[in-house]
Amino acid sequence: MSNVLITGSNRGLGLGLARSYLEDGWNVIAVNRSQSSELDALSATGRLHCHTCDLTDDDALSQLAHELSGNSVEVLINNAGMMAKSGFVRDQESVQGFGHFNRQVWRQVFDINLFTPMRMAELFAPHLEAAGQGKLVTISSMLGSMELNTRGGLYAYRASKAGVNAIVKSMGFDLAERNITAIALHPGWVRTDMGGKGADLDIETSVNGMKHVIDGLTTADSGKFFSYDGSEMPW
Ligand code: NAP
């Protein structure tokens, strides 16, 4: 039976991915800093393995990787992320608008959106390698694309996702000889706590699309940036 490890699977897209992989018969390793009744309800499958830890604590992540040593991970999804208070360039009240730099906010956003995916990749490369054709999927965003930035604003979030795109590009080269396919994946604009009620997509549509992309990945895709609909995204 295949194993998928998903960070931030207590709500939003991560919860949707966990539910869908369980429906498909996978073992789901859920790594979260907090639990939820929605995730708990999926325990009845007997294939949900929950680990609660601080995802920004390197020692806690090392301990988790050690606990899971000897297990293969066919798919690792770096999903947990935060935007901080949103707002575009004209929103002068936003903590992410120009003129409102806040080092503490930037540290929080970079910690979970960029540093954790990097550390998870290093720690779980052996588990992905053990799978034979491991897939390392990092949920990025079109907001991290330079080419698609037509509005400005959202400085910390955009920079963190551009950073995560950069590490995925490098891992595309560095992990190739270990047969690990590393990609960045844009989920679309989705109705979650982060995306808001006015977003384009429901969780199911995004999750189905992302899973289809992940299913079809080959080593030739490593180092690429995809959208949930399978199209390739510009960096
Ligand atoms: P969400 O509903 O806000 O859920 C965020 C998840 O990340 C939660 O499980 C949350 O855990 C976890 N998380 C946040 N900060 C964390 C931290 N410091 N330590 C540990 N866990 C943390 O967001 P979502 O829409 O599902 O987003 C999932 C991913 O998709 C993110 O990487 C996001 O950037 C990306 N994305 C989303 C959209 C969209 O439209 N929704 C678009 C592009 C990209 P807690 O419950 O413990 O806070």
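Side chains are part of it too, since the values below use all heavy atoms of this structure and drop only hydrogens, waters and symmetry mates. Atoms within each ligand, like the ligands themselves, are counted from 1 in listed order.
Against a heavy-atom cut-off of under 4.0 Å, Gly8 is close to the following atoms of ligand 1: 9 (O). Atom numbering of ligand 1 starts at 1 in the shown order; those under 4.0 Å from a heavy atom of Trp189 are 40 (O). Within the listing of ligand 1, atoms 43 (C), 44 (C) sit less than 4.0 angstrom from a heavy atom of Ser141. Interface of Ile139 with ligand 1, defined as ligand atoms under 4.0 Å from a residue heavy atom, comprises 29 (C), 30 (O), 32 (O), 35 (C).
A distance of 5.0 Å separates CG of Leu64 from CG of Leu68, quoted to the nearest 0.5 Å. Rounding to the nearest 0.5 angstrom, the gap separating the OG1 atom in Thr7 from the CD1 atom in Ile112 is 6.5 Å.
At under 3.5 Å, not a single nitrogen or oxygen of Gly14, backbone or side chain, sits near a nitrogen or oxygen of ligand 1. Polar contact with ligand 1: present for Ser34 (N/O pair, distance under 3.5 Å). Considering backbone and side-chain atoms alike, Lys161 places an N or O below 3.5 Å from some N or O of ligand 1. The shortest N or O to N or O distance between Thr192 and ligand 1 is under 3.5 Å. Taking distance alone, with nitrogen or oxygen atoms compared against 3.5 Å, Thr56 stays at or beyond that limit from ligand 1. The shortest N or O to N or O distance between Leu13 and ligand 1 is below 3.5 Å.
Among all non-hydrogen protein atoms, the one lying nearest atom 40 (O) of ligand 1 is Val190 N, 2.8 Å. The protein heavy-atom contact nearest to atom 28 (C) of ligand 1 is Asn79 OD1, 3.2 Å. The protein non-hydrogen atom at the shortest distance from atom 11 (O) of ligand 1 is Asn10 OD1, 3.7 Å. Considering only non-hydrogen protein atoms, atom 10 (C) of ligand 1 sits nearest to Arg11 NH2, 3.7 Å. Atom 34 (O) of ligand 1 has its closest protein heavy atom at Tyr157 OH, 2.6 Å. Arg33 NH2, 3.6 Å is the protein heavy atom nearest to atom 15 (N) of ligand 1. The protein heavy-atom contact nearest to atom 14 (C) of ligand 1 is Gly81 O, 3.2 Å. With hydrogens left out, the protein atom closest to atom 42 (C) of ligand 1 is Gly188 O, 3.2 Å, a heavy atom.
Counting only heavy atoms from C-beta outward, the side chains of Met120 and Leu5 approach each other to under 4.5 Å.
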Determine whether Lys211 and Asp24 satisfy the following criterion, salt bridge (Lys or Arg N to Asp or Glu O under 4.0 Å), listing intermediate values before the conclusion.
CA-CA 11 Å; Lys211 281 180 64 212; Asp24 288 354; 2.5 Å; yes

Check step by step if side-chain contact (heavy atoms from CB on, under 4.5 Å) holds for Ile180 and Lys135.
CA-CA 6 Å; Ile180 298 170; Lys135 297 172 182 177; over 6 Å; no

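Between Leu55, Val109, Thr138, Leu185, it is Leu55 that holds the heavy atom closest to atom 20 (C) of ligand 1.
Ring planes of His127 and Phe124: tilted class, angle from 30 to 60°. Using cut-offs of 30° and 60° on the angle between ring planes, the pair Trp26 and Tyr21 is perpendicular.
Using modelled atom types, one finds no donor on one side chain facing an acceptor on the other under 3.5 Å when comparing Asn10 with Glu38.
Under a 4.0 Å heavy-atom criterion, Ala199 is not in contact with ligand 1. Under a 4.0 angstrom heavy-atom cut-off, Ser206 registers as lying outside contact with ligand 1.
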Using distance only, find each side-chain donor-acceptor pair of residues 138-148 under 3.5 Å and give its atom names and separation, not counting sequence neighbours.
| unit_1 | atom_1 | unit_2 | atom_2 | d |
| --- | --- | --- | --- | --- |
| Thr138 | OG1 | Asn78 | ND2 | 3.4 |
| Ser140 | OG | Asn165 | OD1 | 2.7 |
| Ser141 | OG | Leu143 | N | 2.9 |
| Ser145 | OG | Glu147 | N | 3.3 |
| Ser145 | OG | Leu148 | N | 3.1 |
| Ser145 | OG | Pro234 | O | 2.9 |

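In this structure, Met233 is not a member of the same hydrophobic cluster as Phe226, with clusters built from ILVMFWY side-chain heavy atoms closer than 4.5 Å.
With hydrogens and angles disregarded, no donor-acceptor distance shorter than 3.5 Å links the side chain of Arg191 to the backbone of Gly198.
Of the residues Val137, Leu128, Leu123, the one that meets the side-chain contact (heavy atoms from CB on, under 4.5 Å) test with Leu76 is Leu128.
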